[in-house]
Amino acid sequence: MESITLQPVSRVDGEVQIPGSKSLSNRILLLAALAEGRTRITNLLDSDDVRHMLKALSQLGVDYTLSEDRQTCTVDGIGSAFASQGAELFLGNAGTAMRPLAAALCLGKGDFHLTGEPRMYERPIGDLVNALRALGADIEYLRDEGYPPLRIKASGLSGGTVGIRGNISSQFLTALLMAAPLAKGDLHIEVEGELVSKPYIDITLHTMQSFGVEVENHDYQRFVVRGGQRYRSPGEIMVEGDASSASYFLAAAAIAGGTVRVYGVGADSVQGDKRFAEVLEQMGARVSYGPTWIEVSRGDLNGVDLDLNHIPDAAMTIATTALFARGPTAIRNIYNWRVKETDRLAAMATELRKVGATVVEGEDFIEITPPAELRHAAVDTYDDHRMAMCFSLVALGDTPVTINDPGCTAKTFPTYFELFESICER
Ligand SMILES: O=C(O)C1=C[C@@H](OP(=O)(O)O)[C@@H](O)[C@H](O)C1
Ligand SMILES: C=C(OP(=O)(O)O)C(=O)O
């Protein structure tokens, strides 16, 4: 389908079970593959990013079985690093596959090519490659210096002390941390500069702990991981619902509730994006929590001025929620929006203007002043699932919205538009 037009929605109400977290699904799959023993994973996300990880693991010789709905996966861990000759792994545009696999593959033996979609070749990986090279890895850039595709000739990683820059993507640190226990010696990792997207490191440490590995965390500045270890299967592990995916439903309730309750992510969630609900509350929505759910009801929304570096994905949802607030909203410290699925700062500014907002786009911030009346526009989505999902919220005003290429939500949320419809009243 080329585009979808959502007619104006007068009210939203209901309950939604949010599909599994992308971040947890891909971490758990990788660690289950490396671990000793069999792991039964439930509530796995079925989306493009996860399919890329699954296919890569299969090419690397990992045996697993999937249920018919692909949400239960039993993985037979190999109990060591990967060994393979000439594997070419196509990882689409999945950062959670590219970065962690690049590090994990260096641990083993063999020759690997990591490829992806054109946009993946514009997403930086140089900081991670530099750190891996310092630990003895042989990695070659096959096109542009600092970007995939990569060729890795693996022969193991040494221990030692290594620096990693933190200001572009936390996924570089995540990748090093997850590889570290299988390095030959103890690894001391020092974060250089600001660490962005910090809560994703908690997801990493939590997942490693589920697979039997403890990490010394010195205030997110220095990490120590003992080398020569193995991951151990926890037996069974359930993937939480995706907190970033939940943000669209919670925002819809804040704008046009009724009340919406999302199940799968709640107060007990390990995902930083659960804190999106706090931002809605600051804007004026009513929010309540259970251990595994969050509920939001409509409020009179006011604009906010916030540093949302800790929730970069859910922060995009605030940009379109801002269309329904009184006064301007500023979202700050989000430079790395520019190196994700698209340049999200530029894309967001362009499309918000199309629906009538006044927008200031800074190098690392965006300021949005809502229009008196929203305009019907055909919104371009730039092959970015979050652009498509964020702009669906425009239908909560009095005008329709047309979303071009809605199928791009398949990266993390293939069933998004169906579930969104399930809470809409017209
Ligand atoms: O580690 C992860 O699972 C992720 C980390 C974040 O990326 P950055 O660390 O690049 O901001 C986030 O945007 C991405 O969707 C998932
Ligand atoms: C930035 C994102 O994805 P990735 O895991 O590819 O970095 C995202 O899902 O918003």
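Start at 1 and go down the list; that is how both ligands and their atoms are numbered. Just so you know, these numbers use all the heavy atoms, side chains as well, and skip hydrogens, waters and symmetry mates.
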Does any N or O atom in D313 lie less than 3.5 angstrom from one in ligand 1, N or O only? yes

For the pair R232 (side chain) and S210 (backbone), establish whether a donor and an acceptor sit closer than 3.5 Å, ignoring hydrogens and angles. no

Matching residue for R332 among I366, D305, N309 - test: side chain to side chain contact (heavy atoms under 4.5 Å, CB included): D305

Identify, by atom number and element, the atoms of ligand 1 in contact range of K22, meaning under 4.0 Å from any of its heavy atoms. 14 (C), 15 (O), 16 (C)

Counting each atom of ligand 1 from 1 as listed, which ones have a heavy atom of S197 under 4.0 Å away? 8 (P), 9 (O), 11 (O)

Decide whether T74 and R38 meet the rule of one side-chain donor and one side-chain acceptor closer than 3.5 Å. no

Before signing off on this row, confirm whether Y200 and ligand 1 have an N or O atom pair separated by under 3.5 Å. no

Distance under 4.0 Å to a non-hydrogen atom of R27: what atoms of ligand 1 satisfy this? 1 (O), 2 (C), 3 (O)

Aromatic centroids of F420 and Y248 separated by under 6.0 Å: no

Decide whether the shortest distance between a heavy atom of N336 and an atom of ligand 1 is less than 4.0 Å. yes

Nearest non-hydrogen protein atom, atom 9 (O) of ligand 1: S170 OG, 2.6 Å

Under 4.0 Å to a heavy atom of S23 - the qualifying atoms of ligand 1, by number: 2 (C), 3 (O), 16 (C)

Salt bridge between E341 and K411, side-chain N to carboxylate O under 4.0 Å? yes

D144 side chain vs Y147 backbone, donor-acceptor pair below 3.5 Å: no

Determine, for R51 against D46, whether the closest basic-nitrogen to carboxylate-oxygen distance falls under 4.0 angstrom. yes

Do NZ/NE/NH1/NH2 and the carboxylate oxygens of R261 and E15 come within less than 4.0 Å? no

Contact residues of ligand 2 (heavy atom under 4.0 Å), by chain and number: K22, N93, A94, G95, T96, R123, Q171, D313, K340, E341, R344, H385, R386, K411

Take the angle between the ring planes of F413 and F249 and call it parallel below 30°, perpendicular above 60°, tilted in between. tilted

Does V196 reach ligand 1, in the sense of a heavy atom lying below 4.0 Å from it? no

Which residues satisfy the side-chain hydrogen bond (donor to acceptor under 3.5 Å, both in side chains) test with Y121, sequence neighbours excluded? none

Pair F90 + H52: ring centers closer than 6.0 Å: yes

Sub-4.0 Å atoms of ligand 1 with respect to non-hydrogen atoms of S169: 8 (P), 9 (O), 10 (O)

Quick check on contacts: which atoms of ligand 1 are under 4.0 angstrom from a heavy atom of T96? 2 (C), 3 (O)

Could you pull out, from Q271, K340, Q171, R386, the option with a heavy atom nearest to atom 8 (P) of ligand 1? K340

Is a donor from one side chain sitting under 3.5 angstrom from an acceptor on the other, for E351 and Y382? yes

